[in-house]
Amino acid sequence: MKVSGQVLLSLVIALGIFSLLGFVLKWSLLVAALLSVLSYFAVYLLSRPKLRIGNIVIEDYRKGDELRALLDDAYEDMEAIRKASRSITNLNIQNEARKLYKTGTKILEYLSHEPDKINLARRFFSYYLNTARGILEKYLKIQSSELQTEEVRQVTRSTEAAMPVLNQAFEKQFSNLIANDLMDIEEDIKLLKINLKMEG
């Protein structure tokens, strides 16, 4: 519910209570006014929108606002990587940037459904994701300069070498995040095999 709707709903209910108590039930107007003001704030607080990560209300988690901020910043970094991957003309760097975006998007989608694992990705957010964004944005500036010096060629070679390393870091992060899920699947399969043997 938007804030304006929240205010309107609270106001309508408060006025309704004031009218009912003050004019229909003939209570003291002071008491009716006091109760209607209290009802306004009660309805306002109860109808305030809840921040979510996916379908999960983040208020249910410790430091939920901090987790939401981490995820929001990560989505901004991913958007910058996506834009860079479309603007870079060097095919090697462009392909690696697209891989980064693909893996990074999978990580963020996974974390949006598993917010309790966001803390496990703090280093990924604060270092690897920021580093990937920084390298690509700096490379774009050099590319737009259109210089053909040896220094520029060296930066291009260094960037080409760095991109696979970043992709490995992204893939390792994703693998670490889903490790427990993989183990759960293995356990489920083992139990299934045991049950099938027991049932003949």
Side-chain angles (χ1 to χ4, degrees), residues 1-3 48-149 151-185:
M1 181 181 292
K2 292 181 181 177
V3 173
R48 80 177 197 265
K50 295 186 177 185
L51 294 175
R52 296 176 180 273
I53 297 175
N55 293 324
I56 297 158
V57 178
I58 63 172
E59 292 170 0
D60 297 343
Y61 287 85
R62 277 183 60 235
K63 299 184 178 178
D65 291 337
E66 183 183 337
L67 298 181
R68 176 78 257 176
L70 274 173
L71 211 52
D72 287 345
D73 289 346
Y75 274 110
E76 282 182 26
D77 288 339
M78 287 308 306
E79 180 59 18
I81 290 171
R82 185 189 67 80
K83 286 179 179 176
S85 72
R86 291 184 168 186
S87 302
I88 289 172
T89 55
N90 179 293
L91 289 179
N92 291 333
I93 298 172
Q94 183 188 88
N95 289 334
E96 292 292 332
R98 286 180 176 167
K99 285 183 198 172
L100 281 179
Y101 179 72
K102 185 176 178 182
T103 307
T105 300
K106 287 179 182 176
I107 290 170
L108 296 184
E109 284 174 4
Y110 179 79
L111 291 174
S112 71
H113 297 291
E114 302 283 345
D116 53 319
K117 294 186 179 181
I118 292 174
N119 273 325
L120 299 175
R122 278 181 183 273
R123 176 142 176 84
F124 170 72
F125 289 150
S126 64
Y127 182 70
Y128 292 106
L129 195 52
N130 285 342
T131 299
R133 177 182 182 171
I135 287 172
L136 290 171
E137 287 181 337
K138 286 171 187 170
Y139 181 79
L140 272 177
K141 286 180 183 176
I142 290 170
Q143 176 183 287
S144 65
S145 74
E146 298 182 356
L147 290 172
Q148 298 297 322
T149 64
E151 289 83 0
V152 169
R153 286 191 285 276
Q154 179 56 45
V155 167
T156 299
R157 287 192 292 270
S158 297
T159 305
E160 284 179 333
M163 296 305 290
V165 175
L166 283 167
N167 266 307
Q168 286 175 0
F170 275 46
E171 288 166 8
K172 185 176 180 183
Q173 177 64 62
F174 196 23
S175 178
N176 289 343
L177 287 171
I178 65 170
N180 287 338
D181 294 341
L182 296 175
M183 284 171 37
D184 288 345
I185 292 169

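- Not one N or O on the side chain of Glu96 forms a donor-acceptor pair closer than 3.5 Å with the backbone of Asn167.
- With sequence neighbours excluded, no residue forms a side-chain hydrogen bond (donor to acceptor under 3.5 Å, both in side chains) with Ser145.
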Using distance only, find each side-chain donor-acceptor pair of residues 100-108 under 3.5 Å and give its atom names and separation, not counting sequence neighbours.
residue : atom : partner : partner atom : Å
Thr103  : OG1  : Lys99   : O            : 3.1
Thr105  : OG1  : Tyr101  : O            : 2.7

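- Residues that satisfy the side-chain hydrogen bond (donor to acceptor under 3.5 Å, both in side chains) test with Ser126, not counting sequence neighbours, are absent from this structure.
- Nearest heavy-atom pair across Ile135 and Ala162 is CD1-CB, 4.5 Å.
- Remark: Asn130 pairs with no residue by the side-chain hydrogen bond (donor to acceptor under 3.5 Å, both in side chains) rule, at least two apart or across chains.
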Next item on the list: I would like to know whether Arg122 and Asn119 meet side chain to side chain donor-acceptor pair (under 3.5 Å); could you show each step before the answer?
Entry: CA-CA 5 Å; Arg122 278 181 183 273; Asn119 273 325; 2.7 Å; yes

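- Applying the side-chain hydrogen bond (donor to acceptor under 3.5 Å, both in side chains) criterion to Arg123, with sequence neighbours excluded, gives no partner residue.
- Between Phe125 and Asp77, the shortest heavy-atom distance links the atoms O-OD2, 4.5 Å.
- Listed by chain and residue number, Phe170 satisfy the ring-ring contact (aromatic ring centres under 6.0 Å, His included) test with Phe124 (two or more places apart in sequence, or in another chain).
- The salt bridge (charged side-chain N to carboxylate O under 4.0 Å, His left out) search around Asp73 returns none, not counting sequence neighbours.
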Next item on the list: List the steps and the verdict of side-chain contact (heavy atoms from CB on, under 4.5 Å) for Asn176 and Leu120.
Entry: CA-CA 9 Å; Asn176 289 343; Leu120 299 175; over 6 Å; no

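- Residue Ile142 comes nearest to Val152 through the heavy atom pair CG2-CG1, 3.7 Å, listed as atom of the first residue, atom of the second, then distance.
- No side-chain heavy atom of Gln143 sits less than 4.5 Å from a side-chain heavy atom of Thr156.
- The stretch residues 154-172 participates, sequence neighbours left out, in these salt bridge (charged side-chain N to carboxylate O under 4.0 Å, His left out) pairs: Glu150-Arg157.
- Residues Asp116 and Glu114 are in side-chain contact: their nearest non-hydrogen atoms beyond the backbone lie under 4.5 Å apart.
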Checklist line | Candidate pair Ile93 and Leu136, rule side-chain contact (heavy atoms from CB on, under 4.5 Å), full reasoning | finding: CA-CA 9 Å; Ile93 298 172; Leu136 290 171; 4.1 Å; yes

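- Residue pairs meeting the side chain to side chain donor-acceptor pair (under 3.5 Å) criterion with at least one member in residues 78-88, sequence neighbours excluded: Glu79-Arg82.
- To the nearest 0.5 angstrom, Tyr128 atom OH is 8.5 Å from Thr131 atom OG1.
- In this structure, CD in Gln173 is found 14.0 Å from OH in Tyr127, a value given to the nearest 0.5 Å.
- Environment of CD in Gln154: crowded, with over 12 heavy atoms of neighbouring residues, nucleotides or ligands closer than 6.0 Å.
- Between Pro115 and Ile118, the closest side-chain pair of non-hydrogen atoms falls below 4.5 Å.
- The OG atom of Ser112 sits 8.0 Å away from atom CZ of Arg68, with the distance rounded to the nearest 0.5 Å.
- Atom CE in Met163 sits 10.0 Å away from atom CG in Asn90 (nearest 0.5 Å).
- A heavy-atom distance below 4.5 Å is found between the side chains of Leu129 and Ile81.
- With sequence neighbours left out, the salt bridge (charged side-chain N to carboxylate O under 4.0 Å, His left out) criterion links Glu137 to Arg133.
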